[in-house]
Amino acid sequence: MAEPKPVTGEMEVWDCRVSSGSCSGIFWRKNPFTGNGDSGNDWPRNGALLKGVVYEKDGEKHLKVAEIQQAGTSGFVPVNGEKWMPFEGGSNGGTWLHVPKQ
């Protein structure tokens, strides 16, 4: 399945963190449309900021991540390869992407 058009096409910033449980962060996910993408050891730790474009599949939102700012660091850096993050983790940590605190 080809990647559809994004929801808005605009780059957005989201705060990545588990909302329940004790995980220290969240592993990258594959492209929900093609199954492509890679993991890697640069997965976002709780409090990381992710910059990317929002897509929707079957009523669920996913962020195609272009840049990351790990918690406790300054400045965004490009991610290596294709990285995705769903907004919801269900029973595996609840909501994963949150509006950043100002």
Side-chain angles (χ1 to χ4, degrees):
M1 170 188 237
E3 206 171 277
K5 289 184 178 179
V7 173
T8 67
E10 307 227 354
M11 292 288 274
E12 300 180 14
V13 175
W14 293 90
D15 175 5
C16 185
R17 66 179 66 242
V18 296
S19 56
S20 62
S22 60
C23 295
S24 61
I26 306 160
F27 293 118
W28 296 114
R29 297 305 195 258
K30 293 182 184 273
N31 181 321
F33 305 101
T34 66
N36 295 331
D38 68 325
S39 51
N41 62 1
D42 61 343
W43 48 275
R45 294 351 184 242
N46 287 332
L49 296 177
L50 304 181
K51 186 185 291 187
V53 178
V54 177
Y55 288 78
E56 190 170 320
K57 181 181 183 200
D58 300 328
E60 295 184 14
K61 294 193 307 183
H62 302 264
L63 186 69
K64 183 177 185 179
V65 181
E67 300 177 21
I68 184 172
Q69 179 181 322
Q70 288 286 11
T73 67
S74 60
F76 282 90
V77 295
V79 297
N80 294 317
E82 186 174 0
K83 307 280 198 258
W84 288 79
M85 188 61 63
F87 278 63
E88 298 292 331
S91 62
N92 187 20
T95 300
W96 288 351
L97 295 182
H98 308 264
V99 174
K101 295 178 181 170
Q102 298 294 342

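Heavy-atom basis, side chains included; hydrogens, waters and symmetry copies ignored.
Put simply, SG on Cys16 and CG on Leu49 are 9.5 Å apart, with the number rounded to the nearest 0.5 Å.
Side chains of His98 and Arg17 form a contact here, defined as non-hydrogen atoms less than 4.5 Å apart. Contact annotation: the side chain of Trp28 approaches that of Ile68 to within less than 4.5 Å [non-hydrogen atoms, C-beta and beyond]. Under the 4.5 Å side-chain criterion, counting only non-hydrogen atoms from C-beta, Val18 is in contact with Ile26. Counting only heavy atoms from C-beta outward, the side chains of Phe87 and Leu63 approach each other to under 4.5 Å. At least one side-chain heavy atom of Lys83 sits under 4.5 Å from a side-chain heavy atom of Asp42. Val99 is listed as a side-chain neighbour of Trp14, based on a closest heavy-atom distance under 4.5 Å.
The two residues Pro86 and Arg29 have their closest heavy-atom pair at CD-CG, 3.5 Å. In this structure, Asp15 and Gly47 approach most closely via the heavy-atom pair OD1-CA, 3.6 Å. Closest approach of Pro44 and Met85 over heavy atoms only: CG-CE, 3.7 Å. Taking all atoms of both residues into account, the shortest heavy-atom contact from Gly9 to Pro6 is CA-CG, 3.6 Å. Closest heavy-atom contact between Gly25 and Trp43: CA-CZ3, 3.5 Å. Closest approach of Lys57 and Pro32 over heavy atoms only: NZ-O, 2.8 Å.
Within the 3.5 Å criterion, the main-chain N or O of Trp84 finds no donor-acceptor partner in the side chain of His62.
If you chain together hydrophobic residues whose side chains sit under 4.5 Å apart, Val13 and Tyr55 never meet in one group.
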Name the atoms and distances for all side-chain donor-acceptor pairs under 3.5 Å in residues 72-81, with sequence neighbours left out.
residue, atom, partner, partner atom, Å
Thr73, OG1, Gln70, N, 3.4
Thr73, OG1, Gln70, O, 2.6

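Residue pairs satisfying the salt bridge (Lys or Arg N to Asp or Glu O under 4.0 Å) criterion with at least one member in residues 61-71, sequence neighbours excluded, are listed as follows: Glu3-Lys64, Lys51-Glu67.
The one candidate from Met11, Lys5, Glu10, Glu12 that meets the side-chain contact (heavy atoms from CB on, under 4.5 Å) condition with Val53 is Met11.
At a cut-off of 3.5 Å, with distance as the only test, no side-chain donor of Glu82 or Asn36 sits close to an acceptor on the other residue.
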